[in-house]
There are 2 protein chains.
Amino acid sequence: MLNAALDSIGAVKSVRRGHEIYGENEPAEFLYKVLSGTVRTSKVLSDGRRQIGAFYCSGEMFGLEFGETYSFSAEAVGECTILAVDRHSLNSVASRNNKVAYQLWLVTAAELERAHRHITLLIKTAQERVAMFLLQMGTGPTTGSEIDLPMSRQDIADYLGLTIETVSRTITQFAREAAIEVPTSRHILVHNRAALQRLND
Amino acid sequence: MLNAALDSIGAVKSVRRGHEIYGENEPAEFLYKVLSGTVRTSKVLSDGRRQIGAFYCSGEMFGLEFGETYSFSAEAVGECTILAVDRHSLNSVASRNNKVAYQLWLVTAAELERAHRHITLLIKTAQERVAMFLLQMGTGPTTGSEIDLPMSRQDIADYLGLTIETVSRTITQFAREAAIEVPTSRHILVHNRAALQRLND
DNA sequence: CGACCATTTGATATGGATCAAGCGATGTGG
DNA sequence: CCACATCGCTTGATCCATATCAAATGGTCG
């Protein structure tokens, strides 16, 4: 099993809020798993625009690469603990153990599916993007209609390909329409999930 | 080797211009390789907007899935011949042959890289998107500065997340600036590659 | 030649970006 | 404990890139 392999050869690290885990184009020596907190991957264009590739929550893996270098950089969104697994050790386990190799393939496949969802997101309107984002954040281990956003508005904007002002205004608008409630900026209650879902595919 | 495996268990088919190879959500029974022509994958949203996932040229593989169903549909852009490989046969080869399994993983990884490039494209301006698209189409087997576009302006627009008018205007603008020349709408000569490249990352 | 389709071009509208304040939490030093 | 700076977020006013609507052009095939 993959998780057993990871645990046996991985090293636990903790990373401070905002600190870099690895940089774009650095040699891809490690594969990581989030143990607690949230990690974002990102890329900064020459003119300063930033694209966030994905957010990774507890239990998810990131930093799996095929080339020699990372194609995005990775930073801790908040305080994080992560498991760092040496790529070569893992490869050697995978070459002896088909199940582990298959699990690594599945991680890549999951990553691909994530990227496809992201592409579909980026051709939509601002309302649709924000709605889709909230719904995505609302699924997972947390219960039903409460969403705790670990990331800033700027992070959300850079993930959605919008500006911070547009994200803020759209959230305000959803709140005015009573689809959601925003007790604090990082904590959102979804009252009318159907209204948000109506804005999807 | 993967290609040998594909050739031995694959069946050659030809597909007419515009015809569907498989549909979104259909059971994913086959993995395909383009032998000649170009294939596009796409997804149509409920309101009619169409997103093109990718274009596949001769030699490239498409339709590799992990779930039970295809996540995009696939159509022939022009007259095409393709090789259809039964997924279960291939899986059984892969389970016995590590090299084949590894190659399949690489196909997924290439697909992921493609998706990441696509995401980066979609956060840019219209000029940058079109420039990047032309440069991408200009690499590959064809020689240097000549691009033959197998697809329509509408296909390009749906790939880039723009309208057909914007794509057309942007191409006209590049021609006016003498970066390119457009003898016919499907045939483009790149005169100033650097000018296009300047619009990228 | 005439019908049809893809593409280009023109005129106008608009969603989201940009520029600019204001506001509310959190923290720091006096 | 309170001014005051700072930071993240929201709100307002205006602008602009791209969409939308509409028409002209050109290429292809019967």
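For clarity, every value in this text was computed on a predicted model and none was experimentally measured. Below, chains carry the letters A, B, ... as their sequence lines are ordered, and counting in each starts from 1.
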Return the value, rounded to whole Å, for the distance between atom [atom1] of [X] and atom [atom2] of [N].
X      : N      : atom1 : atom2 : answer
A:D158 : D:dG8  : CG    : P     : 13 Å
A:I123 : D:dA19 : CD1   : P     : 12 Å
A:R176 : D:dT10 : CZ    : C1'   : 11 Å
B:Q154 : D:dA19 : CD    : P     : 11 Å
B:E128 : D:dA17 : CD    : P     : 12 Å
A:L162 : D:dA17 : CG    : C1'   : 15 Å
B:R153 : D:dT25 : CZ    : C1'   : 14 Å

Ignoring hydrogens and geometry, is there a side-chain-to-backbone donor-acceptor pair from [X] to [Y] under 3.5 Å?
X      : Y      : value
A:R40  : A:F55  : no
A:R87  : A:E29  : no
A:R153 : A:S185 : yes

| query | With distance as the sole criterion, is a donor-acceptor pair present between the side chains of A:H19 and A:E75 under 3.5 Å? | reply | no
| said: Quick check: on DNA chain D, is the nucleotide nearest B:V167 upstream (toward 5') of the one nearest A:S168, or the reverse? Name the residue that is more 5'. | reply: A:S168
| message | Using a strict threshold of under 4.0 Å (side-chain N to carboxylate O), is an ion pair present between A:K124 and B:D47? | response | no
| query | Is the distance from OP1 or OP2 of D:dT10 to the nearest side-chain N or O of A:T172 less than 4.0 Å? | reply | no
| task | Using a cut-off of strictly less than 4.0 Å between a heavy atom of the residue and any atom of DNA chain D, enumerate the qualifying residues of residues 181-191 of chain A by number. | result | A:S185, A:R186
| Can you list, by residue number, the residues of residues 40-54 of chain A that have a non-hydrogen atom closer than 4.0 angstrom to DNA chain D? | none
| What are the 5'-most and 3'-most nucleotides of DNA chain C lying under 4.0 Å from any heavy atom of chain A? | C:dG16 to C:dC19
| message | Please evaluate residues B:E113 and A:S71 with respect to the criterion side chain to side chain donor-acceptor pair (under 3.5 Å), reporting the C-alpha separation (whole Å), side-chain torsions for both, the decisive distance (0.1 Å), and the verdict. | response | CA-CA 9 Å; B:E113 202 195 310; A:S71 51; over 6 Å; no
| query | Can you tell which of D:dT20, D:dT18, D:dA13 lies closest to the side chain of B:E165? | reply | D:dT20
| Any idea how A:W105 and B:F66 line up, ring-wise: parallel (<30°), tilted (30 to 60°), or perpendicular (>60°)? | perpendicular
| task | Take A:S36 and A:S58 through the side chain to side chain donor-acceptor pair (under 3.5 Å) test and state the conclusion after the steps. | result | CA-CA 5 Å; A:S36 73; A:S58 194; over 6 Å; no
| said: Can you confirm if the aromatic rings of A:F30 and A:Y22 lie within a centre distance of less than 6.0 Å? | reply: no
| query | At their closest point, which heavy atom of A:S95 faces which heavy atom of B:N98, and how far apart are they? | reply | O-ND2, 4.1 Å
| Heavy atoms under 4.0 Å, any strand shown: does B:S152 hit a base, just sugar-phosphate, or nothing? | sugar-phosphate
| CZ/B:R17: more than 12 non-hydrogen atoms of other groups inside 6.0 Å | no
